[in-house]
Structure formats: C-alpha cells, structure tokens
K.L.:
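For reference, the structure I am asking about is given below.
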Amino acid sequence: MPALKLCVLSSEILPYAKTGGLADVAGALVPNLRRLGHEVHAFMPLYSAVHAARSELHPVPGVQQLPLVIGDSEYRFSLQSASFPGTDVAMYFIDCPALYDRPTYYTNDPDEHRRFLAFTRATLESCRRLGLAPHIFHCNDWHTAFLPLYLKTLYASDPLLSRARSVLTIHNIGYQGVMPSAAAADLGLEHPESWLDADDWAHGVINPLKTGIRFADAVTTVSPTYAREICDGPLGMGMQAILRSRKDPVVGILNGVDYKDWDPRHDPYLTSHFSPQDLRGKRKNKELLIAATRLEPAVARPLIGMVTRLAEQKGIDLLFDALPALLQECDFGLLVLGSGDPRYVAFFEGLARRFPARVAFRLGYDEALAHLIEAGSDIFLMPSRYEPCGLNQMYSLRYGTIPIVRNTGGLADSVQHFDARSGQGTGCVFNDYDAPAVRWAIETTLDWFALPNTWQRLMQNAMAQDFSWTRQIVKYDDLYRGMLSA
Ligand code: ADP
C-alpha cells in the first residue's frame with residue numbers, strides 16, 4: 001500500500017504542550033502513523049512556554065515573517081521546526097508572538113477565536129510555501145475545525161491543496177469554540193453567512209465545531225459508545241442533528257495508550273517497578289504515595305485515587321453526597337489530584353480537612369504524582385457524567401488499579417464490570433448518574449477488595465488488558481484509505 005502524506009493539526013501535542021487527553025492522543029497519532037510508513041507532518045501553535053523550553057527548534061527557511069490578515073489585523077507568522085522525538089517526523093510550530101505569547105495555552109481573551117483561526121490559516125499557508133500537498137489534513141477539536149471549510153472555499157482552486165481531504169476528530173463535543181457573529185470578518189470568507197449554520201447566525205453566533213462537522217470529509221470521535229451518544233441524545237450538546245445529517249456516520253475509534261510512558265514495568269516516573277508476575281513494587285509505590293501525601297501510614301487500608309480536571313463533566317457533583325457519608329461508614333483512603341472549578345476545589349479541600357488521616361487533596365497539575373497515583377492506589381475513581389474516551393481508566397488497568405467508572409463513552413468501551421462468580425471483568429461499572437449509584441459502586445469495590453483471592457483475580461484481569469496504539473492506529477489508516485478511494 002503506498003504511503004500517504006498526512007498533516008496533523010492540534011492545539012496541544014505531547015511532549016510539547018498538554019492540558020488534557022487531546023495532547024496524549026495527538027502525541028500518539030504522530031509517531032504511530034509514521035510507524036505505519038506514512039509521511040507525517042504535525043502542526044501546533046508556538047506557545048511562549050514551549051518556545052522557552054525547546055532549544056532544538058529552528059526557523060524554517062522561506063516561511064518567515066509572512067503576513068496573515070485576520071479581520072482588520074495583520075499578523076506576521078514564522079514557521080519553526082524540530083523532529084518529533086524518536087522519529088523523523090517534521091514537527092512544525094506556528095510562531096506568532098502577538099497571538100501565542102500568553103501566560104496559558106488557552107485564554108478567555110477576546111481574540112481567542114483569532115488565535116486558532118490564525119493557527120489554521122497559517123498551517124495552510126505554510127503547506128503552500130513548503131510545497132506540501134497532504135492527502136489528508138487531520139484536524140482535532142474546534143480549534144482547527146474551520147480547515148475543512150477553508151479547503152472548500154479559500155483553497156478550492158489551489159493547485160497544491162484542492163484535492164486534500166479532511167478528517168475532524170472530536171475529542172470532547174462540550175467544547176465548540178462558539179464566537180459572536182460580529183467576528184465573521186475574521187473568517188476571511190466572502191459572504192461568510194452563506195457557509196455558516198443559519199440558526200446560529202440568526203442567534204448571533206458562529207460555531208466552529210459545527211462548521212467542521214458539516215464540511216469535514218470524515219468525522220471521528222474517540223470511542224464507539226461516545227459516537228452513538230453524541231448522535232442520539234443530549235450528550236451531543238446541540239450537535240445531534242448536524243451529526244445525523246452527515247452522509248457518512250461518525251466513526252468511533254477508541255484511543256490507545258502509550259505504554260512506553262504508562263506501564264508499571266518501566267514507567268519512567270517510578271522508582272519501584274512491578275508486573276502481574278511480581279506485584280511487590282505496587283505495595284512499595286503505595287507506601288511512597290502515602291508518605292508523599294502525609295496520609296495515615298495504613299498500607300492495608302484500600303486507597304482510592306483520582307487524577308482529573310475538576311470540571312462538571314467529570315462527575316464530581318455525585319461525590320458531594322456520596323463521599324462524606326461513605327468516609328464515615330467505611331475505612332478507605334482517598335487521594336485526589338486535580339485543578340479547575342473552585343467549587344470542586346473547595347469540596348475536596350473541605351473533605352481533606354474533615355478526614356485528615358484518610359483524605360489528601362493536591363491542587364494543580366503534576367505529571368509525576370499522576371503516575372504515582374496510578375501505581376500506588378488500589379482503586380481509581382472516574383464517575384464521569386460523560387467521557388468521550390478517558391485515558392486514566394485505561395492507565396489504571398495496566399497498573400492493577402481497579403477502575404470504578406460510569407457506564408458512558410469510552411469508559412463503557414474499556415472497562416468490563418466484574419462478575420465475582422465467573423471471575424470475568426476488569427472493574428466496577430455503574431449506570432445511573434446519581435449519588436446512590438456511585439455509593440453502590442464504591443461499596444461493591446471495597447467488598448471485592450476485602451476478599452484477597454477475588455482482588456487478585458480482578459487485578460490480573462485488569463493488567464492483562466491491551467489498549468495499545470498499535471491496535472487502534474490501523475483504524476485511522478483504514479479510514480484515510482477508504483476516504484481516498486471513495
Ligand atoms: P480529559 O482530556 O477530559 O481531561 P482524559 O482522561 O482523556 O481526560 O485525559 C486526561 C489526561 O490528563 C490524562 O493523561 C491525565 O493523567 C492527565 N491529567 C489530568 N489532570 C491532571 C493533573 N492534575 N495532573 C497531572 N495529570 C493530569
């Protein structure tokens with residue numbers, strides 16, 4: 001099969017910038033597509049923090065200080081490049097300090113939409129300058145969702161780009177990038193309203209994600225269950241009709257796990273490694289974790305871990321009722337690492353004050369602690385209201401840290417409820433989005449934990465799961481080839 005030229009665009013790509021699962025996935029797509037033999041080019045904005053941390057970047061000749069007009073402003077952008085670690089993939093960064101020299105990757109600044117329109121336009125312009133004619137542009141989330149429309153308008157008669165196809169992957173349909181229709185001139189289109197959703201236009205808004213869904217040649221999302229959920233019901237967050245109106249249905253491809261980073265046999269963040277055959281290191285990690293978080297040193301007590309954005313999506317509301325009561329009735333420890341909504345921060349801080357021996361809360365983003373929580377906890381809690389794919393439940397399985405998950409999205413596709421009689425299953429799956437359901441799930445899992453043979457079986461089942469990218473990446477390959485032969 002001939003190799004394809006692929007161009008991947010993402011607002012965050014590991015190892016350069018990460019705020020969530022999008023970075024993990026984009027950072028895995030790039031080397032794994034290359035491993036299939038494709039010619040891969042990846043683009044992301046050059047945020048100031050990335051620029052400061054990466055001395056290996058070098059300017060790309062011929063793509064320096066190019067003008068880029070967005071609405072009534074003229075920006076200048078340059079292209080910087082490096083090899084994606086461990087590969088010969090060209091990783092390109094759009095350097096435009098006026099837009100990306102900010103304290104955070106994402107902002108609430110009034111020009112936020114411009115930052116990503118500029119990223120999208122600058123990527124297309126860079127391809128032109130580089131003489132790069134990709135077969136496929138693979139866009140991710142709302143940030144780059146205008147690219148499919150640009151291919152069909154601004155670049156429709158471009159000799160280099162007019163034949164390119166576009167894929168849009170939705171990592172989380174809750175983020176749509178909605179902007180006021182007053183910003184229409186920023187799109188750079190003649191008669192923009194003729195391309196945009198009429199209803200939105202009438203309501204004074206422009207929806208980048210919806211535009212992408214409408215004009216992309218293929219739309220994918222990150223698990224088969226989430227693909228169904230966003231087409232069929234409220235989890236589509238207003239996109240159900242437009243998704244269902246597509247000629248080709250949304251394709252659900254479960255994310256993979258990068259076991260180079262997330263495997264207790266060789267996790268670079270751990271000092272004690274372990275495997276299904278030798279679990280002694282797991283206990284050592286639990287001791288380290290307990291010591292690091294100053295919980296009462298009771299290693300036999302079941303320890304529940306959470307690593308999460310503290311956002312409504314993650315189901316923290318369910319815990320408001322469930323956890324205080326459970327902590328009074330049952331003997332378990334709880335360790336939470338996360339940042340986000342002050343309401344949830346206050347909740348976990350309050351819980352840690354009330355149960356200081358058994359509850360610890362760490363506010364912030366801490367990659368090393370996230371790995372130690374996966375390695376040292378017994379149970380991982382993910383009660384999400386919705387979860388497009390979710391990565392931590394899959395990481396947890398590999399570390400023998402039994403996931404408690406709600407039956408939604410990628411959680412449903414990756415965790416199988418344990419049946420103590422048959423000994424089959426990998427975690428605890430609950431259905432209803434309410435406090436009694438999560439209480440039931442935690443109590444059930446603690447009951448399993450109390451039976452050493454049952455728990456051993458559950459851990460062995462969990463650790464035997466394989467969600468490697470090698471299995472998943474071929475599904476993207478099939479998709480691309482199908483699109484090009486259609
Ligand atoms: P989402 O993208 O919705 O946040 P995912 O489960 O898909 O959720 O991916 C989250 C990723 O971000 C995981 O790799 C997880 O370990 C990481 N993560 C989330 N919060 C933190 C944190 N506070 N510290 C370290 N890593 C975190």
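For ligands, and for the atoms within them, numbers begin at 1 and follow the listed sequence.
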K.L.:
Does only the side chain of D366 get under 4.0 Å from ligand 1, or the backbone, or both, or neither? Count heavy atoms.
P.N.:
backbone

K.L.:
With a 3.5 Å cut-off and no angle check, do the side chains of H371 and D267 form a donor-acceptor pair?
P.N.:
yes

K.L.:
Is it the case that the side chain of Q460 and the backbone of P276 share a donor-acceptor pair, with hydrogens and angles ignored and the cut-off at 3.5 Å?
P.N.:
yes

K.L.:
Can you find a side-chain donor-acceptor pair between Y106 and E12 that sits under 3.5 Å?
P.N.:
yes

K.L.:
Using the side-chain hydrogen bond (donor to acceptor under 3.5 Å, both in side chains) criterion, which residues pair with R362? Sequence neighbours excluded.
P.N.:
none

K.L.:
Does the structure place the NZ or CZ of R121 under 6.0 Å from the centre of the six-membered ring of Y150, at an angle of no more than 45° from the ring's axis?
P.N.:
yes

K.L.:
Which residue holds the protein heavy atom closest to atom 15 (C) of ligand 1, what is that atom called, and what is the gap in Å?
P.N.:
N392 OD1, 3.0 Å

K.L.:
Among protein heavy atoms, which lies nearest atom 5 (P) of ligand 1, and at what distance?
P.N.:
L391 N, 3.8 Å

K.L.:
Answer with yes or no whether the side chains of T107 and E112 bring together a donor and an acceptor at under 3.5 Å.
P.N.:
yes

K.L.:
Just to be sure I'm reading this right: ignoring hydrogens, which of Y175, Y365, Y395, W262 gets closest to atom 27 (C) of ligand 1? Compare them by their nearest heavy atoms.
P.N.:
Y365

K.L.:
I'd like to check which ligand 1 atoms, numbered from 1 as shown, lie under 4.0 Å from a non-hydrogen atom of D24.
P.N.:
11 (C), 14 (O)

K.L.:
For atom 20 (N) of ligand 1, what's the nearest protein heavy atom and its distance?
P.N.:
T308 C, 3.7 Å

K.L.:
Among protein heavy atoms, which lies nearest atom 10 (C) of ligand 1, and at what distance?
P.N.:
G21 N, 3.7 Å

K.L.:
Looking only at non-hydrogen atoms, which of E12, K314, K18, Q313 approaches atom 8 (O) of ligand 1 most closely?
P.N.:
K314

K.L.:
Pick, from R362, R309, E367, the option with the minimum heavy-atom distance to atom 4 (O) of ligand 1.
P.N.:
R309

K.L.:
Give a yes-or-no answer on whether the side chains of S468 and R471 include a donor-acceptor pair shorter than 3.5 Å.
P.N.:
no

K.L.:
Which atoms of ligand 1 are found less than 4.0 Å from any heavy atom of G364?
P.N.:
22 (C), 23 (N)

K.L.:
Can a donor-acceptor pair be found between the side chains of H171 and N140 at a distance below 3.5 Å?
P.N.:
yes

K.L.:
With a heavy-atom distance limit of 4.0 Å, tell me whether N172 approaches ligand 1 through its side chain, its backbone, both, or neither.
P.N.:
neither

K.L.:
Kindly write out the residues that satisfy side-chain hydrogen bond (donor to acceptor under 3.5 Å, both in side chains) with D263, not counting sequence neighbours, or none if the list is empty.
P.N.:
R265, R398

K.L.:
What residue and atom, counting heavy atoms only, is the protein's closest point to atom 19 (C) of ligand 1, and at what distance?
P.N.:
V307 CG1, 4.1 Å

K.L.:
So is G390 in contact with ligand 1, going by heavy-atom distances below 4.0 Å?
P.N.:
yes

K.L.:
Going by the order shown, which atoms of ligand 1 are within less than 4.0 Å of some heavy atom of A370?
P.N.:
25 (C), 26 (N)

